[in-house]
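Here the structure comes first, spelled out in structure tokens, and everything after it is commentary.
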Amino acid sequence: MSHSPLTEIRLPDLGDFHDLPVIEINVAVGDLVAAEQTILIVESDKATMDIPTPVAGRVVELKVALGDKLSEGSLLLLIAPADAAHPDLAPAVAVAPVETVPVIIPVPVPVEALDEPLPPNEHTAQHTNQHADLHADFLVIGAGPGGYTAAFRAADLGRSVVLIDRWDKLGGVCLNVGCIPSKALLHVAKTIRDAESMSSHGVRFAAPQIDLDALRTWKDSVVTRLTGGLVDLARRRKVKVLHGTAHFSGSHTVTIDTPQGPRCVSFDQAIIAAGSEPVALPFLPHSDPRVIDSTGGLALDSIPERFLVIGGGIIGLEMATVYAALGSRVTVVELSSQIIPGADRDLVAPLFKRLSSQCEKIALKTKVTRIEPQTDCLVAHMEGPEGTTQERFDRVLVAVGRTPNGKALGAEIAGVTVASNGTIPVDAQMRTNVAHIFAIGDVVGQPMLAHKATHEAKVAAEAACGHKVAFEARVIPAVAYTDPEVAWVGLTESEAVQQNIAVEKASFPWAASGRSLALGRDEGLTKVLFDRTTKRLLGVGIVGTNAGDLIAEAALAIEMGADQTDISLTIHPHPTLSETIGLAAEMSAGTITDLFLPKR
Ligand code: NAD
């Protein structure tokens, strides 16, 4: 009988780190492990460190237990070579009996070390044999709200961070071509509409004169102020920023395509925050410059006379609001039977009514089947309840959703699982299936919202530094910054019906709010949903001016487990729109005096 040669896996020199407790053991006796697979995780006061096995094989004996304190040379495992049934796990080289193989693990790099990049090819990646131009203790791919938050949080926790983005400016889609420029333009649209409505209150303004260049310059200045602020925040934290498109080239390396040529960066831990892209419809001529996405819409090159918006979701309606106020004749085409299909029907009804009066048409249950480019226009072929129609437009905006960028990074090369729809699955700590790589934001899926990404970012950065945290938000608010705004958080009424959840509902009409009437508006609504038994708040929906700001109170109330009494007895300032949340709770409790409700 012959004995399999065994390999001893020991902890190598960790620099200044000694007596590190084992916080996780990822293998058991009998497991087959691949080379570079994490076998256990140790923790210092600064970070957690994944300990991979340098060789593949079958675990024969575990020499450590949870809580054991490890230092250089501690024996971790005995491994036998993989059997013939698993040739893929076979060690690359023959192993001698009881050979000692040091584990190569991430060694934290002092912050100062990343102030300047190392000259090309001076530094060798620790986990591959590939030469790296730079080594990052902590790498973040993508500098949108998720990525920069993760980078800054990690830096604040003492890590030396490299932040990579494909664009010259930090801030990602949200700051550069999304949330922020759209809010600047929506503010302009609201001002135009408010000025118009003043004529019925006895104050008349002349028709607005739009100086498109000045408007664009102002919008861009808002963006530049914020993105410039990020550069300063990164610099103060000694976060090294690289510009170029990153692709994984190994489990601990990425290659970055920069204008100066490819550069290789090795890393100990990474966070993927690569965001999402607008969905393109395959049957549309996207190469025609008159067919644009939200980025093209926000660029504000011109104000087209006839503007078609495909998609009555948040982006489509925000853009329709802007362009209609600037003077375009806008048509919105929406596939489903209501605008913003994720929100309750009663909440979007006031928006539908007002926007319909500002647009040429909002066509529901309608789809665009073809766009035919002609020299002087784009002919849209549409199918809806009224049959097939054709209409001419000068510009077409496609806003039919966004798709995550998980497939664009070569993440699979690092061993990261990417779903067929481009999302990267993560656990509650935002950790992918590869223990030292995390993912956050749009790339992990819906809801694709900046405020979700920033919270996930903090969890990921803290978890990577060994904190015992998880993403446990009960609710994530959603807002359409249209006029009126639509905002909702927690359970919607449609979800309560679908999921058979017994709720007590109350809807406070803003026609009874003095503040709303003083603003010249009466179409708002604040709806609260309480658990019928416990009276705990489950969901809130608001449509009306500033709904997006008002919804924050509801989010806090749900997170704190507030009930009907908590909210109805909280003194809201008068006269404010925030009162409508307290008044809706009073309606539900049967204590309201601002309305007359017949006894139930
Ligand atoms: P969306 O998913 O919110 O809306 C897309 C809309 O297009 C849906 O109503 C859908 O029914 C419709 N649609 C799909 N295919 C269609 C077709 N062929 N013809 C006509 N209509 C069609 O997507 P969006 O508005 O593009 O926004 C993308 C993402 O960005 C969303 O996840 C959104 O939450 C996020 N976002 C959020 C904000 C915000 O928080 N204020 C702003 C902008 C975008």
Side-chain angles (χ1 to χ4, degrees), residues 144-146 172-187 275-284 286 291-298 308-322 331-345 348 351-352 355 361-371 380-385 389 396-405 421-423 441-454 476-489 542-543 546-549 551-552 555:
V173 169
C174 173
L175 268 67
N176 290 289
V177 288
C179 320
I180 300 305
S182 64
K183 262 55 304 154
L185 297 181
L186 283 159
H187 170 65
S276 60
E277 293 293 326
V279 167
L281 294 174
F283 51 89
L284 296 187
H286 285 281
V291 177
I292 57 175
D293 58 19
S294 52
T295 302
L298 292 167
L308 173 65
V309 174
I310 306 179
I314 292 181
I315 292 181
L317 297 179
E318 289 185 356
M319 289 289 90
T321 302
V322 167
T331 293
V332 178
V333 171
E334 165 57 44
L335 201 56
S336 72
S337 61
Q338 70 164 68
I339 54 171
I340 317 183
D344 281 338
R345 207 170 270 274
V348 296
L351 171 62
F352 183 78
L355 203 53
K361 185 167 40 175
I362 302 181
L364 301 176
K365 294 189 199 162
T366 302
K367 62 179 176 189
V368 173
T369 53
R370 191 153 70 98
I371 298 282
H381 297 249
M382 296 176 272
E383 278 175 25
T389 53
V396 174
L397 173 89
V398 185
V400 295
R402 298 184 65 88
T403 186
N405 279 335
N421 66 359
T423 55
D442 287 8
V443 83
V444 304
Q446 296 286 358
M448 296 192 199
L449 299 169
H451 45 271
K452 183 202 73 155
T454 56
I476 301 167
V479 182
Y481 297 91
T482 43
D483 182 19
E485 293 183 352
V486 182
W488 66 102
V489 66
I542 305 176
V543 54
N546 289 351
D549 290 303
I551 205 70

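The figures here come from the full heavy-atom set of this structure, side chains too, leaving out hydrogens, waters and symmetry mates. Ligands are counted one by one from 1 in listed order, and the atoms in each one are counted from 1 as well.
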[atom] - nearest protein heavy atom and its distance:
{"atom": "atom 13 (N) of ligand 1", "result": "Val400 CG1, 3.9 Å"}
{"atom": "atom 35 (C) of ligand 1", "result": "Met448 O, 3.5 Å"}
{"atom": "atom 7 (O) of ligand 1", "result": "Gly311 CA, 3.4 Å"}
{"atom": "atom 10 (C) of ligand 1", "result": "Glu334 OE2, 3.5 Å"}

Below 3.5 angstrom, do we get any N/O pair linking [X] and ligand 1?
{"X": "Ala480", "result": "no"}
{"X": "Ile340", "result": "no"}
{"X": "Thr366", "result": "no"}

May I ask you to test the [X]-[Y] pair for a side-chain heavy-atom distance under 4.5 Å?
{"X": "Val398", "Y": "Asp293", "result": "no"}
{"X": "Lys367", "Y": "Val400", "result": "no"}
{"X": "Val322", "Y": "Leu186", "result": "yes"}

Out of all atoms in ligand 1, which are within 4.0 Å of some heavy atom of [X]? Include the element for each.
{"X": "Tyr481", "value": "41 (N)"}
{"X": "Leu449", "value": "34 (O), 37 (C), 40 (O)"}
{"X": "Val333", "value": "20 (C), 21 (N)"}
{"X": "Pro341", "value": "9 (O), 11 (O)"}

Over all heavy atoms of both residues, which pair between [X] and [Y] is shortest? Give the atoms and the distance, please.
{"X": "Ser276", "Y": "Asn405", "result": "N-ND2, 3.5 Å"}
{"X": "Ala380", "Y": "Ile371", "result": "CB-CD1, 3.7 Å"}
{"X": "Lys365", "Y": "Ser337", "result": "CE-CB, 3.6 Å"}
{"X": "Cys179", "Y": "Cys174", "result": "SG-SG, 2.8 Å"}

Between Ile315 and ligand 1, which part of the residue brings a heavy atom under 4.0 Å of the ligand: side chain, backbone, both or neither?
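The part of Ile315 near ligand 1 is both the backbone and the side chain.
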
May I ask you to identify, for Val479, whether its side chain, its backbone, both or neither come under 4.0 Å of ligand 1 on a heavy-atom basis?
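For Val479, the contact with ligand 1 is made by the backbone alone.
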
Taking atom types as modelled and ignoring hydrogens, do the side chains of Glu334 and Ser336 form a donor-acceptor contact shorter than 3.5 angstrom?
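There is such a pair (donor and acceptor under 3.5 Å, judged by atom type) between the side chains of Glu334 and Ser336.
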
Who gets closest to atom 19 (N) of ligand 1 by heavy atom: Ile310, Leu284, Leu186?
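Heavy atom nearest to atom 19 (N) of ligand 1 belongs to Ile310.
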
When you measure from atom 5 (C) of ligand 1 to each heavy atom in Gly445, Ser294, Cys179, Ala399, which option holds the nearest one?
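Heavy atom nearest to atom 5 (C) of ligand 1 belongs to Ala399.
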
Between Gln338 and Phe352, is there a donor-acceptor pair closer than 3.5 Å when you use the side chain of the first and the backbone of the second?
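Judged by distance alone, no pair lies under 3.5 Å.
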
How long is the straight-line distance from CG of Asp483 back to CG of Asn546, given to the nearest 0.5 Å?
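Reported value, rounded in 0.5 Å steps: 10.0 Å.
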
